[in-house]
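Each remark here refers to the structure printed beneath this line.
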Protein chains: 2
Amino acid sequence: MAIELYWGSGSPFAWRVMLTLAVKGLDYESKLLEFSKGENKSPEYLKLNPRGKVPTLKDGDFVNYESLAIMSYLERKYPEPPLFGNSPEETGLIWRFLTECESYLVSAGDKIVRPIFFGKGLDKLDEIQQAAQTIRQELKTLEEHLAHATWLVGAQVSAADIAVFPMIQLILRAASKEAAQPFNLQWFPLASLYPNLARWVERIEALPNYQRTYPPHWRA
Amino acid sequence: MAIELYWGSGSPFAWRVMLTLAVKGLDYESKLLEFSKGENKSPEYLKLNPRGKVPTLKDGDFVNYESLAIMSYLERKYPEPPLFGNSPEETGLIWRFLTECESYLVSAGDKIVRPIFFGKGLDKLDEIQQAAQTIRQELKTLEEHLAHATWLVGAQVSAADIAVFPMIQLILRAASKEAAQPFNLQWFPLASLYPNLARWVERIEALPNYQRTYPPHWRA
């Protein structure tokens, strides 16, 4: 039975799982949900994922949600190529990048990306500037790390790269919007401000099957 | 060379690692940091953990921080008994509980536990009530799950139990404080409101070496 992936265009969390499937060379049936039509809150979908979020993965009878949880499942079920490290030390560092991404980038991103995309909460200036500063600090830390490394951890692409990358893309997309201009975010353009990070982004974009993972509505 | 654990009394994140070490029967050298003396911001400590938080684990030459990252490292280095599942499905579900804990319990807890403990931000009534409601919802979900399960995932204690437990303890401690009374949190007492969860708490408290992990300043 094919793997089924429920996802939404532009969700960085769904993008992580698509990249995982791409790197592992796993085929899947795409179930694209339209948030604007409330498809993620339909009774059928809530049976699979009571939180009504994406991604959700169904593999035979097994259903799971939360991006990092799905990635962990896929790693154990389809171990090649390994995405969670080749040693205890690599595993530990990969999870450090993953949990730091959740605690800092995702959490600061929430406070600023949504207001920019949806125009709500743009008046919370202090909160937005504080979140923007957190993101600059995280970008700087990644930039310094990538001065001496091709991938975040180890000699090949890992779950760390795959999970951080969609958040970086989302943040850059937000920074390019007109609503972001008054905030002087200084996240963008990546190539001049964070050149190592820019080259790392290009490396991920060159992964096989990358194109299939790109959010369709971002192409428009 | 002994494992060294840098921790702070009452940090739920440090507590997770102490429970992991306890369940795996690993001995370690305790490095208790006093936050009130700024020991977590000392130059020596910032070399180990530039974020100046706890826990940090040093095992020989390898240093790592972020609780879930340390737990993942310990699992791979010292696999017995396994705490991250005996099958891909168990691994996936354990990580679902872990990431849900971070996204919902930890993040709502931040908005309410700190104000209660430190008296700052208690005027943000809407935010506190919203966080309190999120926590009630998460407690309810755990309560329903534990109606049919001894442990959160699988037939024995796992990383899911170990990581969620200290957050529950922290939340209950906050709820018992005088500053919490005006909010009518309805988290407490656990035994009458969430009896399955209360029995699960007792199961964890009965784990071998549990007593060594209990925050010393909570005994006072």
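Worth knowing before you read on, the calculation uses all heavy atoms, side chains too, and leaves out hydrogens, waters and symmetry mates. Here is the naming used below: chain letters follow the sequence lines, and residue numbers restart at 1 for every chain. Nothing here was measured: the structure is a model prediction, and the numbers come from that model.
More than 12 heavy atoms of other residues, nucleotides or ligands lie within 6.0 Å of CD in A:Q129, so this atom counts as buried by the packing criterion. Atom CD of B:Q130 is surrounded by 12 or fewer heavy atoms from other residues, nucleotides or ligands within 6.0 Å. Environment of NZ in B:K41: crowded, with over 12 heavy atoms of neighbouring residues, nucleotides or ligands closer than 6.0 Å.
Scanning residues 69-99 of chain B against chain A with a 4.5 Å non-hydrogen threshold yields B:A69, B:S72, B:Y73, B:R76, B:K77, B:F84, B:G85, B:N86, B:S87, B:P88, B:E89, B:T91, B:G92, B:L93, B:W95, B:R96, B:T99, sorted by number.
In this structure, chain A has a heavy atom under 4.5 Å from the side chain of B:F62, while its backbone stays farther away.
For residues 111-138 of chain B, every residue pair satisfying the salt bridge (Lys or Arg N to Asp or Glu O under 4.0 Å) rule, not counting sequence neighbours, is listed here: A:R51-B:E138.
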